[in-house]
Number of protein chains: 2
Amino acid sequence: MAVSEARPIKRPEALPTEVARLLRAAIEQGQFRPGEQLPTQQALGDTYGVSRSVIREAVSLLKSDGLVISQQGRGQFVNPEGSSVFRLDADIEDANSLPSLIEFLVSVESQAAGHAARRRTTAQLAEITQCLDALSAAIANQSDGIAEDLQFHRAILAATQNEYFIGFGDFLEARVRGLIRTARMNTARQDGLVYQVQQEHEAIHAAIAAQDAEAAQHAAQQHLQNAAARLRGYRANQTP
Amino acid sequence: MAVSEARPIKRPEALPTEVARLLRAAIEQGQFRPGEQLPTQQALGDTYGVSRSVIREAVSLLKSDGLVISQQGRGQFVNPEGSSVFRLDADIEDANSLPSLIEFLVSVESQAAGHAARRRTTAQLAEITQCLDALSAAIANQSDGIAEDLQFHRAILAATQNEYFIGFGDFLEARVRGLIRTARMNTARQDGLVYQVQQEHEAIHAAIAAQDAEAAQHAAQQHLQNAAARLRGYRANQTP
DNA sequence: TCGTTTGAACTTGTATGATAACCTGACACG
DNA sequence: CGTGTCAGGTTATCATACAAGTTCAAACGA
């Protein structure tokens with residue numbers, strides 16, 4: 001067996017990241033209250049024993065998370081509104097959190113399918129239909145159809161006409177679907193699995209075409225749960 | 001009427017933010033391909049006409065978004081995996097995106113209620129029950145019950161035993177629910193509205209207690225949609 | 001007394017140069 | 001051919017200086 005675990009070694013965190021972690025912890029533990037002024041960059045540099053540049057980068061990270069606000073000439077403050085951005089770093093590798101992530105993905109996307117069925121324009125339906133056809137063609141051509149599959153799901157998300165579904169689903173798709181696809185390719189290309197998958201796609205499409213939100217939601221949920229099950233089956237075989 | 005809109009004036013973006021914006025745009029437009037090496041910090045500083053400090057902070061932001069990877073001694077590269085973090089800055093003030101945000105919130109939380117019903121332990125049910133009782137007590141005491149309301153929904157999220165639902169729901173709760181609550185307080189404290197809300201809460205609780213996922217999902221959806229409707233009604237009156 | 005102005009002191013933002021840590025590739029050496 | 005060494009380039013960090021903005025109180029004038 002080859003050494004497939006030849007991943008780059010994990011480096012120690014850079015200083016600004018580390019300082020940002022400490023500062024964030026201090027804020028979340030209430031060491032600095034919302035709206036309160038933080039120590040000056042100079043002072044922080046002294047307490048942590050690093051230069052002001054490092055402090056600046058660390059604070060800059062917290063600012064981008066909306067946790068801290070700074071004003072030239074005044075100082076730096078804990079955002080009284082609380083963090084205004086949600087940050088999700090999906091660690092696909094972590095086998096423990098993967099089931100939860102997939103469950104979340106299924107929930108969001110099945111709801112999206114429901115909204116899409118309710119709200120899709122005829123143009124959007126045509127778009128989805130076209131994607132489905134492209135997917136069929138890809139299957140007939142023995143190609144992997146990965147790009148087409150992604151496009152199909154994207155088209156459904158677009159039909160929700162909700163920027164949050166589009167953005168969030170897009171992200172989860174990109175992160176999780178890669179896993180599912182490789183699983184599908186490696187398990188069984190020949191034994192009709194692709195046709196089953198395509199049938200699931202067609203069920204979703206039909207429901208959206210009929211503007212049947214309940215059915216669309218259900219079909220999407222079924223499809224994604226099946227995909228997750230296929231992934232689990234593949235993984236179980238890989239790491240005995 | 002008081003000047004309640006005493007928000008700090010909008011300043012022009014700081015340099016690092018601006019540079020980060022440009023760099024991100026350049027990457028997303030394919031000007032730098034995934035895996036490709038970016039120009040050196042020195043070179044970037046020259047092209048944008050800013051100092052290396054500014055470039056460093058800008059790149060640091062992109063790094064925290066997982067869009068760029070930098071290695072000491074080697075250079076900076078566009079992350080070939082694509083961005084690994086999802087970033088959502090919910091702009092509550094933007095009236096255009098608010099309906100979409102609420103729809104998203106409803107979708108996620110109603111699904112969460114379903115999972116909670118399916119999976120809650122007896123201890124978690126007890127927790128939820130306790131929150132509901134506390135809410136009743138708050139209503140009887142003429143207190144606003146905001147804290148209790150938040151706790152109630154938090155307890156439901158916790159019962160999903162899914163970190164993503166907990167984290168994401170928590171975030172959306174914190175951002176959106178504030179709006180809904182103020183609306184509720186300002187519209188009608190006397191005309192039995194609080195009792196209707198409490199009945200909706202009780203419906204959710206009952207379904208979770210009965211481990212009826214469908215009913216829980218439905219009750220939560222109903223409750224949140226009603227809340228959104230109440231918010232709309234309030235807003236319509238405010239800004240004629 | 002009251003309001004205004006002025007300026008010093010402080011804070012964040014930016015620029016600059018230097019040094020340390022690290023990587024790469026070429027070259028000499030065995 | 002394999003190996004060690006070294007020069008050059010790159011990022012990481014530090015130190016310092018100055019620019020830009022804020023605060024606050026004292027000085028000033030009516």
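Only heavy atoms go into these numbers, but all of them, side chains included; no hydrogens, no water, no symmetry mates. Here is the naming used below: chain letters follow the sequence lines, and residue numbers restart at 1 for every chain.
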Under 4.0 Å from OP1 or OP2 of [N]: is there any side-chain N or O of [X] that close?
X       : N      : answer
A:Ser53 : D:dA12 : no
B:Gln71 : D:dT10 : no
B:Thr40 : D:dG9  : no
B:Arg52 : C:dT16 : no
A:Lys63 : C:dG13 : yes
B:Gln41 : D:dA12 : yes

Query raised in the report: In terms of the nearest nucleotide of DNA chain D, which residue is placed more toward the 5' end: B:Arg74 or A:Val54?
Result: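 Looking at DNA chain D, the more 5' nearest nucleotide goes with B:Arg74.
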d([atom1], [X]; [atom2], [N]) in whole Å:
X       : N      : atom1 : atom2 : value
A:Ile55 : D:dA12 : CD1   : C1'   : 15 Å
B:Phe77 : C:dC23 : CZ    : P     : 12 Å
B:Ile69 : D:dT10 : CD1   : P     : 19 Å
A:Gln37 : D:dT22 : CD    : C1'   : 11 Å
B:Tyr48 : C:dA15 : OH    : C1'   : 19 Å
B:Arg56 : C:dG13 : CZ    : C1'   : 16 Å
A:Gln72 : C:dA15 : CD    : C1'   : 14 Å
B:Leu61 : C:dG13 : CG    : C1'   : 14 Å

Requested in this report: Ignoring the backbone of B:Leu15, work out which of C:dA15, D:dA12, C:dT12 is nearest its side chain.
Outcome: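 Closest nucleotide among those given: C:dA15.
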**Report entry** Candidates D:dA12, D:dC14, C:dT12 - which lies nearest the side chain of A:Val50
**Finding:**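 Nearest to the side chain of A:Val50 among the choices is D:dC14.
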Query - Within-4.5 Å side-chain heavy-atom neighbours: A:Asn162 and A:His115 - result: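 No, their side chains stay 4.5 Å or more apart.
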Query raised in the report: Would you call A:Leu62 and A:Gln76 a side-chain contact if the rule is heavy atoms closer than 4.5 Å?
Result: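 With C-beta onward as the side chain, the pair stays apart.
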Report task. Please state whether the rings of B:Tyr164 and A:Phe104 are parallel, tilted or perpendicular, taking 30° and 60° as the class boundaries. Result ->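 Rings of B:Tyr164 and A:Phe104: parallel, as their planes differ by under 30°.
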Query raised in the report: Which part of the nucleic acid, if any, lies within reach of A:Gln42 when heavy atoms closer than 4.0 Å are counted: base, sugar-phosphate only, or nothing?
Result: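 It contacts nothing in the nucleic acid.
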Requested in this report: Using a strict cut-off of less than 4.0 Å between a Lys/Arg side-chain nitrogen and an Asp/Glu carboxylate oxygen, indicate whether B:Glu103 and A:Arg119 qualify as a salt bridge.
Outcome: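 Yes, B:Glu103 and A:Arg119 are salt-bridged.
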Requested in this report: Tell me, with the steps shown, if A:Val197 and A:His223 meet side chain to side chain contact (heavy atoms under 4.5 Å, CB included).
Outcome: CA-CA 7 Å; A:Val197 172; A:His223 168 54; 4.0 Å; yes
